[in-house]
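Below: one structure, written as structure tokens.
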Amino acid sequence: MTGCCAAVSLLLCASTTMAQQCPGVGDCRKPHAEPGCVMPECCTLVCEANPLCCDFSWDQACADLALKLCEGINCPAEGECGASHASPGCDQFPCCDFICAIDGWCCSVTWDEACANEAARMCGVSACTIAIPSDAIAELEPCYEHFNDGCSKAPFATRAVLFGNAYAGKFATDAPRDTDWMSLGGGNAGDEVRVQLASEFPWEFQIVKGSCEGPLEVPILAHGGPCGDAVTLVFTVPTGEWYAVLTGGVETRTFREAFTCDEVDPLAPPPKEPPEPSPYGLRYWLRFTHHLAADLDGDGRVDAADLSILLNAWGSNGRLGDLDGNGWVDAADLTALLNAWSL
Ligand SMILES: [Ca+2]
Ligand SMILES: [Ca+2]
Ligand SMILES: [Ca+2]
Ligand SMILES: [Ca+2]
């Protein structure tokens, strides 16, 4: 026992040495000569139960205690964070802890290629703040509420958006995670849509088609961010019922944890103690613009000039004028053009 313990109570001494020894060195699940072990939370739990593990050495009794008390605490563990390995967890505590918070697979099953890629991309990033356009319309969906989560959360609801306007929103995880579903007013199948998008977190953008009863198809799936200038995505309006959906995620996983709400509503507090704040911000903005498929000369209107182009291409297999994409310019295309006629 160190000298301090002669003068102060054993409890105070134990808590002092615990603070000094956690985290220590050595695997918490295996005995080793040094006091303490490498997983901070597990080390603290074990030493609270048995201060000798932090005073003298991490013996078999301490290792046994760790196996009993530290289930689910897996960081740090053996193996480089940036390389895949069979065992769960990796050797850098903050990185391992963050990746495991958003991707439980990495700490419960195996640190696979996806975990290594997520670590390479997300560990050590610093938060950024994006500039939201001053004319952007606010989402009015508090964190932990689900006002526009489409088929993800009953009752079905979406955010109604119009071409040309900018819309701001926030993404925070909870159970279930936040998904922002948008219904676009206007636009016909075949029209080209551009989406300008910037966010403070890695985003996942989808075009979802069909009804909640199924089948739901995802003809467009894109990922990007965080930070930097707005990117522009281009897609074609599908036929039938469809929605644009924005949420957080990377190619390998969608985010379900670690994006903590930054607003606290006393009437709707978080359902559980939130995890450490995400290294990312929660805000995004986007703007949809569109180009009418039938606007063949691209002047923003469907009128006689476009009709003339279509009639000149009549019967040909040229792409210009083939609005329904069946390979020929014919009566079906003429009907589509007349239906899109600008008033
Ligand atoms: Ca939202
Ligand atoms: Ca939402
Ligand atoms: Ca035109
Ligand atoms: Ca056609």
Side-chain angles (χ1 to χ4, degrees), residues 130 132 136-153 157-161 167-183 188-192 197-206 225 236 239 243-249 254-256 259-263 265 268 270 278 280-286 290-343:
I130 55 168
I132 307 278
I137 298 164
E139 181 187 24
L140 301 179
E141 181 193 49
C143 310
Y144 299 109
E145 298 284 357
H146 295 272
F147 291 166
N148 53 27
D149 287 40
C151 300
S152 307
K153 186 104 162 65
T158 66
R159 185 176 189 189
V161 300
Y167 293 91
K170 259 188 196 176
F171 163 72
T173 45
D174 181 17
R177 72 198 166 103
D178 183 23
T179 57
D180 293 346
W181 290 56
M182 288 159 274
S183 309
N188 295 305
D191 288 355
E192 181 185 284
L197 168 59
S199 92
E200 294 173 343
F201 53 89
W203 51 259
E204 179 176 284
F205 177 87
Q206 299 175 10
T236 303
T239 51
Y243 309 94
V245 181
L246 190 83
T247 187
T254 48
F255 296 147
R256 295 175 194 283
F259 287 79
T260 307
C261 181
D262 60 358
E263 307 154 22
D265 176 356
S278 147
Y280 298 114
L282 306 177
R283 302 182 311 153
Y284 67 87
W285 72 270
L286 40 67
H290 95 303
H291 175 83
L292 304 167
D295 177 21
L296 299 173
D297 63 2
D299 70 347
R301 294 180 54 76
V302 178
D303 55 20
D306 306 302
L307 177 60
S308 161
I309 293 171
L310 185 138
L311 293 177
N312 283 332
W314 194 264
S316 77
N317 60 0
R319 287 194 52 187
L320 197 58
D322 180 18
L323 300 180
D324 63 2
N326 74 343
W328 292 94
V329 180
D330 56 19
D333 305 305
L334 178 61
T335 304
L337 187 140
L338 294 176
N339 284 338
W341 199 264
S342 299
L343 297 175

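Order of appearance sets the numbers: ligands from 1, and atoms from 1 within every ligand. Below, all heavy atoms of this structure are taken into account, side chains as well, without hydrogens, waters or symmetry copies.
- Within the 4.5 Å cutoff, the side chain of Leu334 has heavy atoms near those of the Leu307 side chain.
- Looking at Glu139 and the Ca ion (ligand 1) together, the shortest N, O or S contact belongs to OE2.
- Rounding to the nearest 10°, we obtain 80° for the angle at the Ca ion (ligand 4) between Asn326 OD1 and Trp328 O.
- Considering the Ca ion (ligand 3) as centre, the angle to O of Arg301 and to OD2 of Asp306 is 80° (10° rounding).
- At the Ca ion (ligand 4), the vertex angle linking OD1 of Asp333 with OD1 of Asp322 is 90° (nearest 10 degrees).
- Nearest N/O/S atom of Asp299 relative to the Ca ion (ligand 3): this is OD1.
- A distance of 6.0 Å separates CG in Leu337 from CG in Leu323, rounded to the nearest 0.5 Å.
- Of all the N, O or S atoms in Glu141, the one closest to the Ca ion (ligand 1) is OE1.
- Rounded to the nearest 10 degrees, the angle OD1 (Asp295) to the Ca ion (ligand 3) to OD1 (Asp297) equals 80°.
- Within the 3.0 Å limit, Leu246 places no N, O or S atom next to the Ca ion (ligand 1).
- Within Asp178, the N, O or S atom at minimum distance from the Ca ion (ligand 1) carries the name OD2.
- Of the possible donor and acceptor atoms, one in the side chain of Thr335 sits under 3.5 Å from a partner among the backbone N and O of Ala331.
- Between atom CD of residue Glu200 and atom NZ of residue Lys170 there is a gap of 9.0 Å, rounded to the nearest 0.5 Å.
- Under a 3.5 Å cut-off, the side chain of Arg283 and the backbone N or O of Ile130 do form a donor-acceptor pair.
- Annotation: side chain of Met182 is in contact with side chain of Leu246 (closest heavy-atom distance under 4.5 Å).
- The only option from Leu282, Asp149, Thr247 that meets the side-chain contact (heavy atoms from CB on, under 4.5 Å) definition with Asp178 turns out to be Asp149.
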